[in-house]
There are 2 protein chains.
Amino acid sequence: MSEGNSGESKPRAGRTADGRRQLRGALAVAALDLFAAKGYESTTVEDIVAAVGVGRRTFFRHFRSKEEVVFPDHDERLAGVVRELEQAGESEPPMAVVCRTAETVLDMYLADPEVSLKRFELTRQVPSLRDREIVSIDRYQRVFARYLRQRFSEPPDAELRAAVTAATVVATHNHVLRRWLKSGGGFDARAALREALHEVTAEDTRVSSPESAADTGEVVVGVVRTSTSVHAVREQVERVLREIGENDSD
Amino acid sequence: MSEGNSGESKPRAGRTADGRRQLRGALAVAALDLFAAKGYESTTVEDIVAAVGVGRRTFFRHFRSKEEVVFPDHDERLAGVVRELEQAGESEPPMAVVCRTAETVLDMYLADPEVSLKRFELTRQVPSLRDREIVSIDRYQRVFARYLRQRFSEPPDAELRAAVTAATVVATHNHVLRRWLKSGGGFDARAALREALHEVTAEDTRVSSPESAADTGEVVVGVVRTSTSVHAVREQVERVLREIGENDSD
DNA sequence: GATGCTAGCGGCACTGAGTGCCATCAGCAA
DNA sequence: TTGCTGATGGCACTCAGTGCCGCTAGCATC
C-alpha cells in the first residue's frame, strides 16, 4: 500500500475544475479510510496525501484543516439551509418553514447512510471531531434563530422565543438523527422527525395573547397552574373564550 | 513591561500548592492582558510565559491548551453543576432543579462581571474561542439532558423531552446572559432569567393528559387550533375542566 | 543539620498542523 | 508557438503541544 493507490493509475493530476473535485473526493475517501484503519490522531496529513499521491500543500488547498476533511460539505449544506430559509414566502408560517428545513437537513444525512455512519463512528471516538460537530450544529441553530427572529418581530419576547424555538427544533432533529445513527440507519427517521416535531412544536407555536392568536390562524395555548382552583381556571377560560368569540366569525 | 511584572517581585516560584494556584492565576491574567493588547492570534504562549517570567513548558502544565487559559475554570464549573444536580432530592420537580442550576450557572458569570465581559469581548472576536465556548455550553446542555432523562423515565418520549427541555433551558440562559453581556452588565440578569424561564418552561412542563396533570400538581396546558370553531373549543375546554374537577378538591 | 523523597519547574528536542512563497506545469486561447 | 491562468509541488517557517531529563524547593525523617 506504499505506492499506486487503489484502482486507477494516476499519471498526473488534471488541472481542470472537474479534476479538482475528483481530487477533493479522493482525499476525503483516503482520509476516512486511514482514520478508520489507524485512528484519527495517528493519521497525519502526510499519510493522507501519500495515499492519494499528491503534495501536502495541496491538501490544505482543498481543506482548511485536517478536521474539515471529515465534514467536507458542511459549509455547502449550511449555505443550502440559509437559501431554503430565504426563499420561503411570508405566507408560510415561520414554524412550518423551520421544520421543513430541519427535515431537509436530516435528508442530507439520510441521503448517504454509509458515509453518515462512518462519520458518526469517528465523531464518537475522537473528541476534537465531536467538538467540531457540535459547533457546526450550533451554526444551524443560529441560522434558524436568526430567521425566526425576523419572522417573530412582533412582541418584545421575539428574540427569546426565536432562540428557544430554534433550540427546540435542533434538539429534536439531533435526537432523531442520533437514534437513527445508533440504530445503524434502521428506521424511518424522516417520519420520526416529523412526528417528534409535531409533538414538540405544538407547545412552542403558542402566542401570548388570544387576540393575535385568532388573527393569525395559528395555534392558541392556554396555560393554567393546577394549583389554582378549578373555579378560577374556569373563569379565566371563559374570559379567553369570550375574547376569542369577539374576533371569530363563528 | 519587558521584565518585572506588576507589583510583587517574584524572586523564584514557590513549590507549594498555594504558589501553584497563584502562578496559574498570574498566567491567566497575563494572557488576558496580552490578548486584549495584541490580539489572541498574535499572542504566542512564549509571550505569555515571558510576561510572567516562567518557562513555556510550565504553561502547559497549568493549561491543556492556549484556549483553555481564557476559560480556566470551566471544568470546575461543570463539575459544580453536576454536583448540584446529583445532590437534588427526588421530591423537588426535575424542572425546578434544572432551572435552579441554570441560575447557579448564570451567577457564576455575574460573580465577576469584569472578567466575564473581557472574555465575552474575546470570544466575539476570535472564532476559535467562540467555538470553544459553544462546546462548553453544549457540555452543560448534555449534563442537563442526562439528569432530566433519569427523572423523566416514565413515558417512551422521556429522552426526547429531556433533550428538548435541556435545550430550552440552556437557550434561555444563553439569551439572558448574552443580553446582559451586550448591555455591559447593566441590568438584573438573575431576575430576567427567572422570569424568562418561567415563561418558557411553562410550555414544556405540560403533560399530555389532564388527569396526570391534576395528579402531579404541575402545569396543564390545553392546546386548540384556532381554525376550529369557538363552540368546539368551548366544548373541549368544558370537558377538560370537568375531568380536572373530578380530581380536584375545590 | 544531614539525608532522602516528591512535586513542581526549566529547557531541550521533537512531532505535526497550518501558512507563505515561489517555481513549475497542464490547459486553453490567441 | 506564445502567453496567460489556475492548480500543483516543494521548501521553509511559525507555533501549539508533548516527552524526556535534570534540577531544585519544600518537607519529612532520622
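All chains are named by letter (A, B, ...) in the order of the sequence lines, taking the proteins before the strands, and each is independently numbered beginning at 1.
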For the side chain of A/L23, counting heavy atoms from C-beta on, which of C/dC9, D/dA12, D/dT8 is nearest?
D/dT8
Test of understanding: with side chain to side chain donor-acceptor pair (under 3.5 Å), list the residues that count as partners of [X], not counting sequence neighbours.
X	value
B/R77	none
B/E41	none
A/D138	A/R142

In whole angstroms, how far is the [atom2] atom of [N] from the [atom1] atom of [X]?
X	N	atom1	atom2	result
A/D47	C/dT15	CG	P	14 Å
B/R56	D/dG17	CZ	C1'	7 Å
A/L34	C/dG16	CG	P	14 Å
B/R20	C/dT6	CZ	C1'	14 Å
A/E68	C/dT19	CD	P	11 Å
A/Y40	C/dT15	OH	P	20 Å

Taking only heavy atoms on the protein side, list every residue of residues 57-67 of chain B lying under 4.0 Å from any atom of DNA chain C, sorted numerically.
B/R57, B/T58, B/R61, B/H62
With a cut-off of 3.5 Å and sequence neighbours excluded, list every side-chain donor-acceptor pair involving residues 56-64 of chain A.
from  : atom 1 : to    : atom 2 : distance (Å)
A/R64 : NE     : A/E68 : OE1    : 3.3
A/R64 : NH2    : A/D75 : OD2    : 2.6

Would you mind writing out the side-chain donor-acceptor pairs for residues 82-89 of chain B within the sub-3.5 Å range, not counting sequence neighbours?
from  : atom 1 : to     : atom 2 : distance (Å)
B/E84 : OE1    : B/T104 : OG1    : 3.1
B/E84 : OE2    : B/R100 : NH1    : 3.3
B/E84 : OE2    : B/T104 : OG1    : 3.0

Pair B/D47-B/T44, side-chain donor/acceptor within less than 3.5 Å:
yes
